[in-house]
Every structure is written in structure tokens, then in C-alpha cells.
Amino acid sequence: MVFCGFDWLITLALFAANIRIMVHQRSIRIVDSHTAGEPTRVVIDGGPKLTGRTAFEKREELRRDHDWLRTCGLSEPRGYEAMVGALLCESDRDDCVAGGVFFNSVGYLNGCIHGTIGLVQTLVHLGIISAGDHGIETPAGRVTAQVDDSGSISVRNVPSYRIAAGVSVSVPDWGTVVGDIAWGGNWFFLVNNTSGFPLHLEHAGRLTQYAIAIRQSLADQGIVGTDSAEIDHVEIFDSPSDPASADSKNFVLCPSNAYDRSPCGTGTSAKLACLFSDGRLHLDQTWRQAGILDTRFYGSVEMANQANDIPPGSIIPTIKGQAFVNGELTLIINSADPFRFGIPYHQASLNQKPST
Ligand code: PYC
């Protein structure tokens, strides 16, 4: 599939006080959506042309050479910390309609299920795909999105698994916290809520502090994922607000220190892997995971085929949710604007600029 090059560059010549000032403008076309409350900002045109072969290579290229796209789209004044961005890419794979590279206000993600649902809803909105099954290539691997006529989108995720159960971590000011380490397309530490604060939006500040303290303690105590990967997401569970409509409620801390407004699809995948390993979830069961806004994802599992790079007993989760497109806009990068690449949090991102 070809996304037509809309890489337009406008040069405006301004003449003031006999001094000729050249102002360069670059435009980036965006579609915004939210999935169960969590925003996804998809770059559909005007981004850098990436030469990497796979979505993984494209992500590394974006990180290395074009980090300005992430900062200009997601940092203030255009974006904010809860927002996840996706660069819509072509995929070299015959079994994929598109690729997506996901990022947030502090860095890059491996996979992102709410973001994949948002990206797929964006492709539907643009008339590029319709109901049916569609392969999407992500840095975490190929996922399949099934678009149904009711507006729901189900994403069959990458193999998910738990690598450790009942891990104790000592968290200053909060005591000892015991949780599981699992992969669902990102690394998660999954704990029951011992913060003393119910999982309600009004306690989001305290819950964020609790989750940040847990994540910091994991790092300080050398508790990591496979290949020493940082555990950058913390998922806290409690009873659902309405047991008739959900099996569990979560609060998920993302790497940007924002909490996921949705139940977090990769986090729900990690949860399903833990439940399955504990014998608390069966192959024909649907798990209803509520998030902090009481919106829900519906998860089911199948056994993963044995492969060398995944632990025995891994599952393939499918996560169902719904996204709504809520904006189409054009970002303007004006060379005269000191905050054209966002208000800088990271100097490194300022050192890589596009040609404007
Ligand atoms: O839905 O997988 C997800 C996700 C990851 C980070 C934010 N949302």
C-alpha cells in the first residue's frame, strides 16, 4: 500500500525593515482518536520517509534520526503526557496492510493495543480498510486486527507470558509490594492494590505516586524483564466498580508517568498471561478488564505455538475494544517558532531536526 507523499514544504518570504527573513513551514497531517478514553495521535502524512525494512528497524531509525516528530506531536504545546503517537508506515510484509511505530512524550513503545485499535479505526475513517481481518506490523511483531460491523476492533496480539510470580519489592514509604512480571507487548509489573487508595479517578495523583515508587524500586533493586529490559509499566488491580460488567479494574502507569485512560491492551494481555498460568482463566472464557474510567476491554486467549524465543505456556491474547476518531488536523512546524519541536524535556530530541 502506498501513502501518497504529502511532504509539502512552503517557503514564505517576509520583508521587514528591509531585512529579508525566510520562514519555512512544514505540515504534518494527523488523525486523533481515543480508545476507551486513551488518546492516539496518528501521523498519516508529512512524517519522515523511513528506509528501515521492518517496523522494529523503522522505530530505531525514528528514534535515532527523527525524534523531532515525536516531540513536536506529543510534547506541549501540541500534546500532553497521556497521548500516544503512531507513525503510519508502509509494511514490506505481504500479510500486513500497514505498519505502526508507537511513541509517547518520553520515548518509544514496543507494542500498543489501544494505539493499534486507534490506528485501525483511523484507517477505517480514511476509507483505507473496512470490516474484516487486517495484519498490522508493529515493533513487537505482527498483530491481526479484526474490524467488525458493530464498530468494535479486536486485536490478536503477540505471544504473551509471565516470567516471574510473587516477586517482592521493597518500596520506600509504601512497604513491601508483591507482584508478577509479565510481557504483553511491553513489560509490566502487576500488583494488587495495597496503596490504601481506591482505584477512582479522584485518587489518580496518589495512585500515580504509588506506581512511580514501585517502578523506581524495581529499577533500583535490579528487577527487570528478559534481556535486562526495564519494566516500564506498572499495573495495579482491584475489584471492579460494577462486578456485573467487569471482572477486574486496573490503573496502569505508563513510561511518561501518565496513567492509561483505557484498561491498557498490552497490560490486559500481560494480565491474561498471569491468569492463565494460575489456572484462573480458560481457553473459552472472556475476561472483562475495566480501566480507571470504567471503560472495558474484553480479552480471550489461545495457546501460542511453541517457538524458541517464547517461554512454554505462552498465550496469544485477543483484546477487543472500541475507538472513536475525534479530530483531523494539520500540525505546522514554523522555523520561527521556538517551540516548533515541543517544549523540550530532552535535549537529545532537539539535536535532531528536520530540514525546515
Ligand atoms: O493499550 O497497550 C496499550 C497501551 C500501552 C501504553 C498505553 N496503552
Side-chain angles (χ1 to χ4, degrees), residues 32-42 55 59 70 73-74 79-87 100-122 136 138-145 152-160 182-190 204 207-208 211-212 215 225 229-237 248-274 287-293 295-299 315-324:
D32 276 349
S33 61
H34 76 86
T35 307
E38 177 74 351
T40 308
R41 171 159 281 185
V42 181
R59 180 188 68 184
R70 182 182 68 75
L74 295 195
Y80 65 113
E81 272 122 19
M83 193 172 253
V84 168
L87 175 61
V101 174
F102 299 101
F103 41 88
N104 56 32
S105 66
V106 295
Y108 293 82
L109 290 159
N110 294 297
C112 183
I113 298 298
H114 99 265
T116 303
I117 294 173
L119 183 139
V120 168
Q121 187 61 51
T122 295
I136 305 289
T138 77
R142 177 189 186 277
V143 301
T144 312
S152 294
I153 294 172
S154 303
V155 178
R156 186 173 182 268
N157 196 8
V158 296
S160 301
W183 169 261
N186 290 302
W187 283 107
F188 289 85
F189 193 66
L190 302 97
L207 292 165
T208 299
I212 289 175
R215 190 183 58 200
E230 181 195 356
I231 300 170
D232 54 3
H233 292 74
V234 175
E235 190 168 1
I236 301 162
F237 294 92
S248 162
K249 180 166 179 170
N250 70 15
F251 176 92
V252 180
L253 177 75
C254 296
S256 63
N257 288 347
Y259 59 88
D260 197 327
R261 276 60 169 162
S262 82
C264 189
T266 48
T268 299
S269 299
K271 174 69 174 175
L272 296 179
C274 296
W287 181 260
R288 302 163 305 168
Q289 183 63 59
I292 187 70
L293 302 183
T295 53
R296 288 177 297 280
F297 282 163
Y298 299 90
I315 52 139
I316 305 274
T318 294
I319 307 294
K320 182 172 172 176
Q322 193 168 16
F324 295 91

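One-based numbering along the sequence shown. Every value quoted in this text rests on a predicted model; they were computed, and no experiment measured them. Values below: all heavy atoms of this structure, side chains included; hydrogens, waters and symmetry mates excluded. Atoms within a ligand are numbered from 1 in the order they appear, just like the ligands themselves.
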Closer than 3.5 angstrom, by distance alone: can the side chain of R59 be matched with the main-chain N or O of L109 as a donor-acceptor pair? yes
Can you tell if the side chain of I113 reaches within under 4.5 Å of the side chain of T268, non-hydrogen atoms only? no
Considering heavy atoms of the protein only, find what lies nearest to atom 7 (C) of ligand 1 and give residue, atom and distance to 0.1 Å. D260 OD2, 3.2 Å
Looking only at N/O atoms, are E38 and ligand 1 under 3.5 Å apart anywhere? no
Paired with H114, the side-chain hydrogen bond (donor to acceptor under 3.5 Å, both in side chains) test is passed by just one of T35, T266, T40, namely T40
Just to verify, what does Y80 make a ring-ring contact (aromatic ring centres under 6.0 Å, His included) with, not counting sequence neighbours? none
Quick one: does G265 get an N or O within less than 3.5 Å of an N or O on ligand 1? yes
Under 4.0 Å from a heavy atom of C112: give me the atoms of ligand 1 that qualify, with their elements. 2 (O), 3 (C), 4 (C), 5 (C), 8 (N)
I'd like to check whether I113 has a polar contact with ligand 1, where a contact means an N/O of the residue lying under 3.5 Å from an N/O of the ligand. yes
For the side chain to side chain contact (heavy atoms under 4.5 Å, CB included) test, which of D232, V106, L74 pairs with S256? V106
Nearest neighbour in protein (non-hydrogen) for atom 6 (C) of ligand 1: H233 NE2, 3.9 Å
